[in-house]
There are 2 protein chains.
Amino acid sequence: MTTRRATITDVAALAGVSVATASKALNGKDDVRATTRQLVIDAATQLSFQPNVLAQGLLSGQTRTVGLLTSDMVGRFGIPVLLGAENAFGAGEMAVLLCDARGDAIREQHYIRTLLSRRVDGLIVVGESTNPRPSITKDVPVPVVYAYAPSDDPADVSFVPDDEGGARLAVRHLIATGRTRIAHITGPTDYKAATDRDRGIRGTLDEAGLELAGETLYGAWSQRWGRLAADMLLLNEPKLDAVFCGNDQIAAGFIEAARERGRRVPDDIAVIGYDNWEVLSEETRPTLTTIDPDLERLGHTAAQHLFAAIDGKATPGVHSMPTRLVIRDSTAPSMPEL
Amino acid sequence: MTTRRATITDVAALAGVSVATASKALNGKDDVRATTRQLVIDAATQLSFQPNVLAQGLLSGQTRTVGLLTSDMVGRFGIPVLLGAENAFGAGEMAVLLCDARGDAIREQHYIRTLLSRRVDGLIVVGESTNPRPSITKDVPVPVVYAYAPSDDPADVSFVPDDEGGARLAVRHLIATGRTRIAHITGPTDYKAATDRDRGIRGTLDEAGLELAGETLYGAWSQRWGRLAADMLLLNEPKLDAVFCGNDQIAAGFIEAARERGRRVPDDIAVIGYDNWEVLSEETRPTLTTIDPDLERLGHTAAQHLFAAIDGKATPGVHSMPTRLVIRDSTAPSMPEL
DNA sequence: CTACGTTACGAAAACCTTTTAGGTGATTTC
DNA sequence: GAAATCACCTAAAAGGTTTTCGTAACGTAG
């Protein structure tokens, strides 16, 4: 177990050639006879030789390593993004150095220094909300790509979920299934996701000649708020036939409260959530129609664009990534005059 | 941005000393005059010099990097463990190479090779259940520590949550608050966590001269199963006054079904969950008393022991990590004869 | 003044790989 | 028969850092 690992010198010696030839043989370069190459390869496998990545990196200046700087892994959104990114990097034979700054700017600075001293080839910054975050691109001599939370500098490369589009998708689905009096319950106003979606909803309703039922109810991202808002809404908007909820938790709360008030979902009221958080959206009764922001794909795409940026082909700007509508039971078509 | 990074040679030149002296000055070695040292340090800061970790690693044979091999980041349990580990490594100036094998043995092998070719100093393997997993220690020339899922080789170093102890904690709490007819709803039988906890429950009941109410109900880890099991249990065990649920989802389902059957929680029946998954345990009505397996600490401890193992001080065996009882509203003391 | 110890610094080797420039022997070309 | 070409291989340098060893300069004891 503690036996020294074989170097290319050992391989060359065993194969009876020089180090240079061994290197060329193993790296598929020309100028080496087929028989010689086989000799070297055999020697390498026999010694289970693996080139020292440090020495390679020292020489080439490339480490084939990227830093993954996440601001808060406890939250729900960073993980899938990170997962998608990790997957893309793994396929590209890149290694991922993971750093969780826990939303602390000091920790973030510390980690940036650490990553740079390790000579990462690039950096991917994963946020926890879609609110823009401070750019670090200018402080760093390698390409940076932002995922989920965009950089506040529009010249940087950012990938964000298309919240406005997701909301449009949802509302079009509600309208297509015969709903006309649609309300909106969502999280706090200082979340860009909440206001973006509100814009999408109002735009889509407008195009259909409809209006939002009541005012947008801004609150919290919790089930508790979903219940509370449901109580208010069911009282004030008796003719309500659909509600768009800012996340699946709010939707779950709404469904719960609606049933307690004797309203049937989806027969009386259709409910649509956001995030497609499956532990919730598949456990509500009825199961929850929701918008899936496809975060894993977002992370994957961001990683691929970091590759491109490392190769000098950056694509600046804030890129909106499409969302998907996942139809379950909470939005079955209403049957008017039944 | 593309300006070449400063090397120690640049620093030495600027300070007017040799490379060797510069190195010694920066690394706090003796044999360098205080004034000279300051000169070097000033030069280094002026050039914002950062030593090339590759060169250091090449020389020392240590990369100050560990591999973090997780089998399934999608699940809920790997993340906190991973988080605790990352935190410990960050503090120790170690970097973490993240690999998610997604429960696929082929991917795992691939990642192990990759990590070894990067000369990691050690490996931490994070599982998704507490069932033992195949050991990789013998295939790998560096120390390995297993977290959450133990290795199937007892000579390896593993850290697992103390499920039996957690169950004891829960049952003692129920008994202390006056409950005597306690049932157990949990996940599938092939989860070691489920059977371990069952053993803990029966042991504790035994010591108190009590018996389990009905048979242990093995099913799934879902809210749906919690509801189903509740319906069965409330029918067959009319005198039931407490239930220990295998996770918070089952508990949430139980609470929901119990309310629909007209049973009050905690007045009629106390409910205790497992995992302290706060998005659920703080959103149920009433909020859920539960066992917190303290996974972040588990990950942290595992990481620290990997350090020790890298320094040659391994601590073989399967180490059970203590759990915590988190008391909320679902287990308020029963008031007999009220 | 010699011998020796101490202090402060520098030269060079070592870590491992890849690449460049060159060298050797054999074959072909004029 | 000399020169050029070709195929194959090797020596050496480069990359950045740390460490070992050597060497001055200087002071002190004899």
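Below, read A as the first sequence line, B as the second, and so on, with proteins coming before strands; counting in each chain starts at 1.
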Using a 4.0 Å heavy-atom cut-off, does B:Lys29 contact any base of the nucleic acid, only the sugar-phosphate backbone, or nothing at all?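 The residue B:Lys29 makes sugar-phosphate contact but no base contact.
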Any base atoms under 4.0 Å from B:Asn52, or only sugar-phosphate, or nothing? Heavy atoms, all strands.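 Contact class for B:Asn52: sugar-phosphate only.
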Counting heavy atoms not belonging to B:Lys138, are there more than 12 under 6.0 Å from its NZ?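 Buried by this count: over 12 neighbours within 6.0 Å.
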Looking only at side-chain N and O atoms, does [X] come under 4.0 Å of OP1 or OP2 in [N]?
| X | N | value |
| --- | --- | --- |
| A:Ser23 | C:dT19 | no |
| B:Gln56 | D:dT18 | yes |
| B:Thr36 | C:dC9 | yes |
| A:Thr7 | C:dC16 | no |
| B:Thr21 | C:dG10 | yes |
| B:Arg33 | C:dT7 | no |

Just how far, in rounded Å, is [atom2] of [N] from [atom1] of [X]?
| X | N | atom1 | atom2 | result |
| --- | --- | --- | --- | --- |
| B:Ile8 | C:dG10 | CD1 | P | 12 Å |
| A:Arg5 | C:dC16 | CZ | C1' | 13 Å |
| B:Leu59 | D:dT17 | CG | P | 11 Å |
| A:Asn27 | C:dT20 | CG | C1' | 15 Å |
| B:Gln62 | D:dT19 | CD | P | 12 Å |
| B:Asp31 | D:dA25 | CG | C1' | 15 Å |
| B:Leu47 | D:dG16 | CG | P | 14 Å |
| B:Asp30 | D:dT19 | CG | P | 13 Å |

Nucleotide nearest [X] when distance is taken to its side chain, options [options]:
| X | options | result |
| --- | --- | --- |
| B:Val32 | C:dG10, C:dT18, C:dC9 | C:dC9 |
| A:Pro51 | D:dC8, C:dT17, C:dA8 | C:dT17 |
| B:Ser18 | C:dG10, D:dT18, C:dC16 | C:dG10 |
| B:Leu58 | D:dT17, D:dG16, D:dC8 | D:dG16 |
| A:Ala20 | D:dA11, D:dC8, C:dT17 | D:dA11 |

Please work out which of the three classes, parallel, tilted or perpendicular, describes the rings of B:His319 and B:His305, given edges at 30° and 60°.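 Tilted: the ring planes of B:His305 and B:His319 meet at 30° to 60°.
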If you find the nucleotide of DNA chain C closest to B:Ala22 and the one closest to B:Ala55, which residue's nucleotide is nearer the 5' end?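 Taking each residue's closest nucleotide, the earlier one in sequence belongs to B:Ala22.
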When you match A:Val53 and B:Thr35 each to their closest nucleotide on DNA chain C, which lands nearer the 5' end?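 Going by which nucleotide is closer to the 5' end, it is B:Thr35.
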Tell me which pairs pass ring-ring contact (aromatic ring centres under 6.0 Å, His included) where either residue lies in residues 44-73 of chain A, with sequence neighbours left out.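 Found none.
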Assess the side chains of B:Asp42 and B:Gln38: does a donor N or O sit below 3.5 Å from an acceptor N or O?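 Side chains of B:Asp42 and B:Gln38: pair found under 3.5 Å.
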Any side-chain donor-acceptor pair under 3.5 Å between A:Asp156 and A:Ser151?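 A pair is found: one side chain offers a donor N or O, the other an acceptor, under 3.5 Å apart.
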So, B:Asp104 and B:Arg107, do they make that salt bridge, N to O below 4.0 Å?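 Looking at B:Arg107 together with B:Asp104, the answer is no, because their closest N to O distance does not fall below 4.0 Å.
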Let's test your reading of the model: under 3.5 Å, does the base of C:dT17 pair with the side chain of A:Lys24 as donor and acceptor?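 Such a pair does not exist between side chain and base.
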